[in-house]
A.B. asks: 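Dropping a structure here in structure tokens format, bear with me for questions.
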Amino acid sequence: MKENTSSKQYSNFRQKEPKSAKTKTRLFKYSTLIGLGIFALIILYPLFWMLISSFKSYEEIYSDVWNLPGTWNFSNYSLAWEQGIQNYFINSLYVTGFAILITVSIGSMAAFTLSRYQNRWIDIALLFIIGGLMMNPQVALIPLFEILTLFNLIDTRWALILTYVAYRLPLTIILIRAFFLTVPKELSESALLDGCTEFGIYRRIYLPLSIPVVVTTVILNAFFAWNEFLFATVFINSSELKTIPSGLMVFRDALRTDWGVLLSGMVIASIPMIILLILLQKYLVRGLAEGSVKG
């Protein structure tokens with residue numbers, strides 16, 4: 001009888017154990033979802049408030065901060081566009097586009113070289129590249145200004161393009177090189193036997209395989225160049241060449257800032273990056289994961 005009783009107790013315990021495990025799993029799942037929901041709300045609500053307030057008048061922004069606009073002022077967007085956002089938008093597209101093109105082109109070729117060969121000079125080059133990641137923009141501001149002044153590049157778009165390329169090349173090289181290291185050597189060896197050149201191996205084998213990590217670097221470089229403020233403010237003086245982050249400062253007035261128009265400009269400035277992230281988001285996490293497999 002005692003054996004039967006103990007066996008029944010053991011079977012009851014075995015039946016209860018999965019239920020408690022399932023309960024813990026559900027609690028963890030729901031708490032995680034609630035936490036992520038709160039975090040998403042904290043991130044998205046300021047963007048929602050910026051979008052809603054961009055349709056309000058100056059008086060309504062101060063008198064009725066949290067409610068929806070009484071009158072939807074779509075004219076704020078046309079005013080923002082006419083007051084200079086159009087030029088700032090074009091300048092940002094120009095600077096961001098060329099910075100991405102140069103950075104990804106040079107970075108992918110440098111990553112190919114650093115992944116294909118192993119010697120002392122390659123190790124030294126990698127140390128310099130890693131050191132570039134540690135360079136603080138504020139520390140290099142004065143030397144960069146003197147160098148750009150020496151070459152008569154101050155107050156030109158190329159002052160920003162070359163600076164962005166220099167600052168984003170280390171990360172781009174490291175990410176793409178980490179992926180290139182995972183490419184089987186048999187592919188390049190068979191291509192060499194077929195008479196393919198080193199550049200042909202890069203263009204026909206390595207580059208097509210690395211599309212996800214290349215797109216990831218494009219996204220990261222685009223966000224940096226589009227939103228960069230310090231260099232765009234210091235290196236560009238004329239209003240005609242300002243990019244969006246520094247150009248929006250012109251909308252501020254010492255006595256009375258039309259916040260509706262300013263917020264409209266901020267919404268216009270954020271649209272390209274939102275569209276870019278939505279279109280290429282599937283490559284972002286995949287590219288970061290593939291680019292961190294091997295160092």
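Source: prediction; values computed, not measured.
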A.B. asks: For residues Tyr117 and Ile201: do they belong to one hydrophobic cluster (side chain heavy atoms under 4.5 Å, members Ile, Leu, Val, Met, Phe, Trp, Tyr)?
C.D. replies: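 Yes, one cluster joins them.
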
A.B. asks: Which heavy atom in Ser210 sits nearest to a heavy atom in Leu207, and how many Å separate them?
C.D. replies: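 In this case the closest contact between Ser210 and Leu207 is OG-O, 3.0 Å.
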
A.B. asks: I'd like to know if the side chain of Thr197 reaches the main chain of Gly200, judged simply by a donor and an acceptor atom lying under 3.5 Å from each other, with no hydrogens or angles considered.
C.D. replies: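 Indeed, once roles are kept as given, a pair shorter than 3.5 Å links the two residues.
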
A.B. asks: Ignoring hydrogens, what is the shortest heavy-atom contact between Ala80 and Gly265? Give both atom names and the distance.
C.D. replies: CB-N, 4.0 Å

A.B. asks: Check whether more than 12 heavy atoms from other residues, nucleotides or ligands sit under 6.0 Å from atom CD1 of Ile271, and answer yes or no.
C.D. replies: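 It does: Ile271 CD1 has more than 12 such atoms within range.
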
A.B. asks: Between Trp158 and Tyr94, is a ring pair (Phe, Tyr, Trp, His ring centres under 6.0 Å) present by the stated rule, with each step listed?
C.D. replies: CA-CA 10 Å; Trp158 284 101; Tyr94 186 94; 7.1 Å; no

A.B. asks: Give a yes or no on whether Leu51 and Leu41 share a hydrophobic cluster (residues Ile, Leu, Val, Met, Phe, Trp, Tyr; joining criterion: side-chain heavy atoms under 4.5 Å apart).
C.D. replies: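 No, Leu51 and Leu41 fall in different hydrophobic clusters.
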
A.B. asks: For Phe39, is the CZ atom crowded, meaning more than 12 foreign heavy atoms sit under 6.0 Å from it?
C.D. replies: no

A.B. asks: Tell me every residue that passes side chain to side chain contact (heavy atoms under 4.5 Å, CB included) with Asn227, counting only those two or more places apart in sequence or in another chain.
C.D. replies: Phe223

A.B. asks: Main chain of Gln138, side chain of Asn136: is a donor-acceptor contact present, judged purely on distance under 3.5 Å?
C.D. replies: yes

A.B. asks: Could you grab the distance from atom CG of Asn76 to atom CG of Leu262, nearest 0.5 Å is fine?
C.D. replies: 10.5 Å

A.B. asks: Within a strict 4.5 Å, meaning less than it, do heavy atoms of the Leu126 and Arg177 side chains meet?
C.D. replies: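 Leu126 vs Arg177: side chains touch.
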
A.B. asks: With no hydrogens and no angle check, is any side-chain donor or acceptor of Thr172 less than 3.5 Å from a backbone partner on Val104?
C.D. replies: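 No; judged by distance alone, with no hydrogens or angles, the pair does not exist.
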
A.B. asks: Using a distance-only test with no angle check, is there a side-chain donor-acceptor pair under 3.5 angstrom linking Thr243 and Arg157?
C.D. replies: no

A.B. asks: Within a strict 4.5 Å, meaning less than it, do heavy atoms of the Leu114 and Ile129 side chains meet?
C.D. replies: yes

A.B. asks: With rounding to the nearest 0.5 Å, note down the distance linking OG1 in Thr163 to CD in Glu228.
C.D. replies: 8.5 Å

A.B. asks: Do the side chain of Ser190 and the main chain of Leu187 share a donor and acceptor less than 3.5 angstrom apart?
C.D. replies: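 Yes, the answer is positive, given that a donor and an acceptor are paired below the 3.5 Å cut-off.
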
A.B. asks: Does the Trp226 side chain pair with the main chain of Ala269, one donor and one acceptor, at a distance under 3.5 Å?
C.D. replies: yes

A.B. asks: Under a 3.5 Å distance rule, please check whether Ser246 uses its side chain to pair with a backbone N or O of Lys242 as donor and acceptor.
C.D. replies: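 No; judged by distance alone, with no hydrogens or angles, the pair does not exist.
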
A.B. asks: Quick one: closest heavy-atom pair of Met109 and Phe199, and the distance?
C.D. replies: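 Between these two residues, the closest heavy atoms are SD-CE1, 4.4 Å.
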
A.B. asks: Is there a side-chain contact (heavy atoms from CB on, under 4.5 Å) between Met249 and Thr233 once you walk through the steps?
C.D. replies: CA-CA 9 Å; Met249 297 295 293; Thr233 304; 5.7 Å; no

A.B. asks: Look up atom CG in Leu162 and atom CZ in Phe98, then write down how far apart they are to the nearest 0.5 Å.
C.D. replies: 11.5 Å

A.B. asks: Of the non-hydrogen atoms in Thr113 and Ile122, which two are nearest, and what is the gap between them?
C.D. replies: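 Looking at all heavy atoms of both residues, the shortest contact is O-CD1, 4.2 Å.
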
A.B. asks: Report the relative orientation of the aromatic rings in Trp81 and Phe89; use parallel for angles under 30°, tilted for 30 to 60°, perpendicular for over 60°.
C.D. replies: tilted

A.B. asks: Under 4.5 Å between side-chain heavy atoms, counting indirect links through other Ile/Leu/Val/Met/Phe/Trp/Tyr residues: same cluster for Leu47 and Ile275 or not?
C.D. replies: yes

A.B. asks: So which heavy atom on Ile43 is nearest to which on Pro46, and how close?
C.D. replies: O-CD, 3.4 Å

A.B. asks: Met134, Phe128: one ILVMFWY side-chain cluster at the under-4.5 Å cut-off?
C.D. replies: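 No, Met134 does not connect to Phe128 through the hydrophobic network.
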
A.B. asks: With rounding to the nearest 0.5 angstrom, report the CD to OG distance, Gln83 to Ser78.
C.D. replies: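 Answer rounded to 0.5 Å: 9.0 Å.
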
A.B. asks: Is there a side-chain contact between Leu160 and Phe235 in this structure, where contact means two heavy atoms from C-beta onward sitting under 4.5 Å apart?
C.D. replies: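 Of all side-chain heavy-atom pairs linking Phe235 with Leu160, at least one is under 4.5 Å.
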
A.B. asks: Tell me, do Thr71 and Ser57 make a side-chain contact under 4.5 Å, heavy atoms counted?
C.D. replies: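 No; the side chains remain at least 4.5 Å from each other.
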
A.B. asks: Between atom OG of Ser264 and atom NZ of Lys56, what is the distance when rounded to the nearest 0.5 Å?
C.D. replies: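 Going from the OG atom of Ser264 to the NZ atom of Lys56 covers 12.5 Å.
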
A.B. asks: Give a yes-or-no answer on whether the side chains of Tyr202 and Ser108 include a donor-acceptor pair shorter than 3.5 Å.
C.D. replies: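 Yes, side-chain donor-acceptor contact under 3.5 Å.
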
A.B. asks: Walk me through it: do Phe179 and Tyr206 pass the test ring pair (Phe, Tyr, Trp, His ring centres under 6.0 Å)?
C.D. replies: CA-CA 9 Å; Phe179 176 79; Tyr206 278 73; 8.5 Å; no

A.B. asks: Just by modelled atom types, is the Trp121 backbone N or O under 3.5 Å from a matching donor or acceptor in the Asn119 side chain?
C.D. replies: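 Yes, the answer is positive, given that a donor and an acceptor are paired below the 3.5 Å cut-off.
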
A.B. asks: Under the rule for side-chain hydrogen bond (donor to acceptor under 3.5 Å, both in side chains), what residues qualify as partners of Ser238, not counting sequence neighbours?
C.D. replies: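 With sequence neighbours excluded, Ser238 shows a side-chain hydrogen bond (donor to acceptor under 3.5 Å, both in side chains) to Asp155, given in chain and number order.
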
A.B. asks: When rounded to the nearest 0.5 angstrom, what is the spacing between CG in Leu148 and CZ in Phe231?
C.D. replies: 9.5 Å

A.B. asks: Hydrophobic clusters here meaning ILVMFWY residues chained together by side-chain heavy-atom distances under 4.5 Å, can you tell me if Leu127 and Ile173 are in one?
C.D. replies: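 No, Leu127 and Ile173 fall in different hydrophobic clusters.
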
A.B. asks: Taking the hydrophobic residues Ile, Leu, Val, Met, Phe, Trp and Tyr, and joining any pair whose side-chain heavy atoms are under 4.5 Å apart, which ones share a cluster with Leu101?
C.D. replies: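 Traced through the cluster, Leu101 reaches no other member.
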
A.B. asks: Step by step, work out the ring pair (Phe, Tyr, Trp, His ring centres under 6.0 Å) result for Tyr167 and Phe224.
C.D. replies: CA-CA 10 Å; Tyr167 264 91; Phe224 174 83; 7.0 Å; no

A.B. asks: Of all the heavy-atom pairs spanning Thr156 and Leu241, show the shortest one and how long it is.
C.D. replies: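 Between these two residues, the closest heavy atoms are CA-CD1, 4.2 Å.
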
A.B. asks: State whether the side chain of Ser270 and the backbone N or O of Val267 hold a donor-acceptor pair below 3.5 Å, judged by distance alone.
C.D. replies: yes

A.B. asks: Give the C-alpha distance, both sets of side-chain angles, the deciding distance and a yes or no for side-chain hydrogen bond (donor to acceptor under 3.5 Å, both in side chains) between Arg116 and Ser188.
C.D. replies: CA-CA 10 Å; Arg116 287 276 292 166; Ser188 58; 2.8 Å; yes

A.B. asks: With no hydrogens and no angle check, just 3.5 Å: does a side-chain donor-acceptor pair link Tyr77 and Ser54?
C.D. replies: yes

